[in-house]
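Each remark here refers to the structure printed beneath this line.
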Number of protein chains: 2
Amino acid sequence: MKRKLFERGGQDKDRVTLADVAAHVGTSTITVSRAIRRPEMVSEALRKRIAEAVDTLGYVPDPAAQALASRRSRVIGVLIPSVTNSVFADVLSGLYDTVGKTAYSVQVGNTRYDPLTEEELTRVFIGQRPAGLIVAGIDQTSNTKAMLERAGCPVIQIMEFADGPIDSMIGFSHRDAARAATEHLIAQGYKAPGFIGARMDPRSQRRLNGFRQALQEADIPIGCREITTVDPSRVGLGASLLDTLLERAPETDAVFCNNDDLALGVQFGAQRRGLKIGAEFGICGFNDLEVMAAAYPAITSVRTFRREMGMLALQTVLDNLDDPEKQPTVTDLGYELMARASTDRQTGR
Amino acid sequence: MKRKLFERGGQDKDRVTLADVAAHVGTSTITVSRAIRRPEMVSEALRKRIAEAVDTLGYVPDPAAQALASRRSRVIGVLIPSVTNSVFADVLSGLYDTVGKTAYSVQVGNTRYDPLTEEELTRVFIGQRPAGLIVAGIDQTSNTKAMLERAGCPVIQIMEFADGPIDSMIGFSHRDAARAATEHLIAQGYKAPGFIGARMDPRSQRRLNGFRQALQEADIPIGCREITTVDPSRVGLGASLLDTLLERAPETDAVFCNNDDLALGVQFGAQRRGLKIGAEFGICGFNDLEVMAAAYPAITSVRTFRREMGMLALQTVLDNLDDPEKQPTVTDLGYELMARASTDRQTGR
DNA sequence: GTGAAAGCGCTAACAC
DNA sequence: GTGTTAGCGCTTTCAC
């Protein structure tokens with residue numbers, strides 16, 4: 001087994017610097033620096049020779065030195081509450097795709113649904129003089145909000161659409177989306193829809209509010225058909241929450257689930273109980289993960305635009321960086337109800 | 001809508017530096033630096049006053065300056081082929097958990113299953129003088145491998161267990177795991193197991209090899225029961241690949257799927273066809289995502305230790321950083337066959 | 001269009 | 001234990 005060679009220094013001596021490139025070409029470091037960052041400022045001839053030297057010497061810029069000298073890093077900080085939750089994984093995927101071949105890089109902080117962790121991470125991120133900051137949600141502590149307002153870089157809030165953005169905002173109304181889902185259940189003829197929710201972070205809470213609002217407007221009493229837990233969401237949890245729901249409120253004939261994992265679990269649980277999905281029991285999820293359309297029977301859900309949110313958020317940072325005069329934007333990405341067999345009363349099964 | 005305030009400088013003037021803290025306490029910058037990084041080198045009295053000053057002034061270290069001066073950043077680079085694939089999301093979750101309250105941070109590069117993107121990202125990452133590097137797989141280009149060998153930091157290969165590690169390695173044998181799964185199908189009495197695979201990256205390929213090996217050892221001809229595609233895996237794809245499989249090889253009575261998404265899709269497809277899962281048709285997935293146990297019927301899979309892999313990889317980097325004399329380690333995390341109803345021939349459905 | 005000088009905020013190396 | 005001196009590799013500012 002080979003020995004380690006990173007005791008210190010190591011290949012650090014052979015690091016190729018701007019000065020090396022400059023010497024090779026016979027010009028000054030600043031010109032090389034310009035040739036790389038703003039080619040239009042350097043004559044074509046020089047530019048070409050510099051490009052060649054960069055190539056042959058294998059020069060790679062030192063981001064630390066760049067950041068220190070320019071007082072700006074090329075890191076775009078992203079604060080999300082979870083990395084495993086596929087909702088955020090999709091957002092990340094959009095971010096990574098868009099950051100792709102730009103000179104910027106994405107650094108993700110996992111707040112674990114904890115506002116204080118978020119505050120701490122915000123402090124650290126801002127200490128890096130980030131090029132931009134993308135944060136999930138609108139429920140930051142007042143300290144966090146104050147820091148973000150003075151961050152000195154574009155700040156994009158994602159996942160929500162609401163009043164009082166810190167800077168730019170890209171998302172949708174969780175309440176409206178949930179209300180639409182519930183209205184769909186009612187329109188399909190279900191008489192006693194219930195709600196199943198896990199984690200119950202602020203976004204889940206807003207979805208619950210949308211559910212309540214729809215029932216209220218339809219003059220349907222809620223009864224005991226709201227089953228929630230702070231436990232993280234899992235498919236397996238769907239079935240157990242369904243058990244609780246049907247025990248407490250046997251009249252329930254449909255359920256709006258906080259997210260798709262729960263909905264899938266509810267469907268498995270309902271099948272185990274021998275319920276006819278659709279005809280006897282309606283199921284609606286939230287987010288429209290790919291599995292929903294593929295399930296048997298296919299499960300109704302509310303489609304949300306997660307990758308798009310990531311892409312647009314990153315692009316918004318880039319746009320703001322390009323043009324510092326650019327005004328903040330607030331974008332509603334909306335949602336789309338995907339009605340499928342699981343809420344079709346004609347579906348026997 | 002508020003005006004932007006990040007035109008440049010902004011709050012940069014009020015940045016609290018080591019010098020500010022030193023002045024406040026009446027000592028030198030280096031002492032403050034030491035008080036923070038190696039408290040045992042500073043007298044208790046001073047240390048306490050410095051801590052207070054740091055707090056009241058709100059000092060946050062500048063990672064760029066640290067990296068530049070020490071020629072080492074506190075960034076641990078992670079190169080994975082996908083962020084949405086929940087397999088890697090789980091690994092990431094383990095990484096983030098472990099990096100948690102350390103002074104290090106994780107930076108993820110998405111290679112998109114492309115060796116050249118991986119090479120490019122490796123070059124950029126190494127240019128950051130990372131504290132450590134965690135890379136998925138063993139199929140790097142020779143250029144990439146050469147760079148990693150000279151990276152001057154701990155390098156951990158994850159997701160595989162094989163010969164010739166670059167430095168440390170943590171994973172398991174995909175071939176052995178797949179062989180075990182296939183042997184299970186055979187032991188359960190299925191006579192003509194097939195293979196369904198998507199993406200077909202090197203790890204999938206090794207799993208296919210394990211499948212072949214098991215059939216060969218059991219003297220079962222493979223026939224046309226290998227259905228693969230380079231398309232990325234989706235649940236929906238499972239059903240279509242099942243269609244292809246049963247068309248080409250109607251004798252098939254069980255299937256080993258490259259991953260759990262496909263297995264779930266196969267199950268939905270089989271249900272749609274009215275096949276009795278288990279009794280008539282066996283299904284085995286790979287990775288044992290949470291949904292597999294929750295499905296109805298529950299689906300057999302091969303459990304892999306993804307979060308653990310992330311945690312251990314990060315910990316290995318930290319250990320190597322603590323003790324540069326530490327020798328590289330190679331760890332086999334193994335796998336575990338989770339036999340469930342979907343491969344139980346007694347299961348009617 | 002190009003360059004010289006200065007310094008970003010921190011730490012390594014060597015004093016004391 | 002603590003301080004001094006020199007940078008790290010780059011960009012800013014201001015000259016030319």
Side-chain angles (χ1 to χ4, degrees), chain A residues 7-50 54 57-74 103 126-129 131 152, chain B residues 7-50 54 57-74 103 126-129 131 152:
Chain A
E7 331 274 333
R8 156 138 311 123
Q11 66 156 191
D12 228 71
K13 301 288 85 175
D14 14 317
R15 179 167 192 121
V16 179
T17 69
L18 267 193
D20 296 329
V21 179
H24 189 94
V25 175
T27 178
S28 66
T29 60
I30 185 61
T31 303
V32 178
S33 171
R34 286 194 188 114
I36 293 171
R37 287 174 307 138
R38 298 135 128 281
E40 72 281 6
M41 287 185 70
V42 175
S43 69
E44 171 141 14
L46 245 186
R47 203 193 314 162
K48 226 183 118 219
R49 288 169 53 214
I50 290 175
V54 163
L57 298 182
Y59 169 72
V60 178
D62 182 331
Q66 290 180 309
L68 188 58
S70 68
R71 295 168 197 71
R72 262 302 143 220
S73 75
R74 292 188 184 282
I126 289 181
Q128 302 201 31
R129 311 162 181 280
Chain B
E7 331 274 333
R8 154 138 311 122
Q11 66 157 188
D12 226 71
K13 301 287 87 176
D14 14 317
R15 179 167 191 119
V16 179
T17 69
L18 266 194
D20 296 330
V21 179
H24 189 93
V25 175
T27 178
S28 67
T29 60
I30 186 64
T31 304
V32 177
S33 171
R34 288 203 270 251
I36 292 171
R37 288 177 305 142
R38 297 133 129 282
E40 72 280 6
M41 288 185 69
V42 176
S43 71
E44 171 141 14
L46 245 185
R47 202 193 315 162
K48 230 185 112 215
R49 288 168 52 214
I50 289 174
V54 163
L57 297 182
Y59 169 72
V60 178
D62 182 331
Q66 290 181 310
L68 187 58
S70 69
R71 294 166 194 71
R72 263 303 143 220
S73 76
R74 291 187 183 281
I126 289 181
Q128 302 200 31
R129 310 162 182 280

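Values below: every heavy atom of this structure, side chains too, minus hydrogens, waters and symmetry copies.
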Are the side chain of A:R47 and the backbone N or O of A:V32 linked by a donor-acceptor pair below 3.5 Å? no
Distance check needed: D:dT2 C1' versus B:M41 CE, whole Å only. 9 Å
Which nucleotide in the list C:dG9, C:dT2, D:dT4 gets nearest to the side chain of A:V42? C:dT2
Would you say A:T27 places a side-chain N or O within less than 4.0 Å of OP1 or OP2 belonging to C:dT2? no
Between A:S73 and A:A67 (side chain of the first, backbone of the second, donor and acceptor by atom type, cut-off under 3.5 Å), is there such a pair? no
State which of C:dT11, C:dG9, D:dG9 makes the closest approach to the side chain of B:T29. C:dT11
Ignoring backbone atoms, establish whether A:S33 has a side-chain N or O less than 4.0 Å from OP1 or OP2 of D:dT11. yes
Looking at every heavy atom in both B:R74 and B:A103, which two are closest together, and how far apart are they? CD-O, 3.3 Å
Main-chain N/O of B:L18 paired to B:T29 side chain as donor or acceptor, under 3.5 Å: no
Quick one: on DNA chain D, does A:A64 or B:S43 contact a more 5' nucleotide (nearest heavy atom)? B:S43
Take atom CD1 of B:I50 and atom P of D:dG1, then tell me their distance rounded to the nearest Å. 14 Å
To the side chain of B:R34, which of C:dA13, C:dG3, D:dC10 is closest? C:dA13
Between P on C:dC10 and CD1 on B:I36, what's the gap in Å once rounded to a whole number? 8 Å
Does D:dG3 have OP1 or OP2 sitting under 4.0 Å from an N or O in the side chain of B:S28? yes
May I ask you to check whether A:S33 and A:R37 show a side-chain donor-acceptor distance below 3.5 Å? yes
Looking at D:dT12, I'd like to know if its phosphate oxygens (OP1 or OP2) sit under 4.0 Å from a side-chain N or O belonging to A:R37. yes
Would you mind reading off the distance between A:D62 atom CG and D:dG9 atom P, rounded to a whole angstrom? 7 Å
A:R49 (side chain) donor-acceptor with A:V25 (main chain) under 3.5 angstrom: yes
Tell me which nucleotide among D:dT12, C:dT2, D:dC8 gets nearest to the side chain of A:I30. D:dT12
The side chain of A:Q66 lies closest to which of these nucleotides: C:dG9, C:dG3, D:dC10? D:dC10
Closer than 4.0 Å, any side-chain N/O of B:T31 to the OP1 or OP2 of D:dG3? yes
Side chain of A:L18 (C-beta onward), nearest among C:dA13, C:dT2, D:dC10: D:dC10
Do any side-chain nitrogens or oxygens of A:R47 fall under 4.0 Å of OP1 or OP2 in C:dT2? no
Atom pair distance, as rounded to whole Å: CG in A:D20 and C1' in D:dG9: 10 Å
May I have the distance from B:R72 (atom CZ) to D:dG9 (atom P), rounded to whole angstrom? 12 Å
For atom CG of B:L46 and atom P of D:dT2, their distance in whole Å: 5 Å
Selection from D:dT4, D:dC10, C:dA4 that lies nearest to any side-chain heavy atom of A:A65: D:dC10
Length of the line joining A:R71:CZ and D:dC10:C1', which is rounded to integer Å: 11 Å
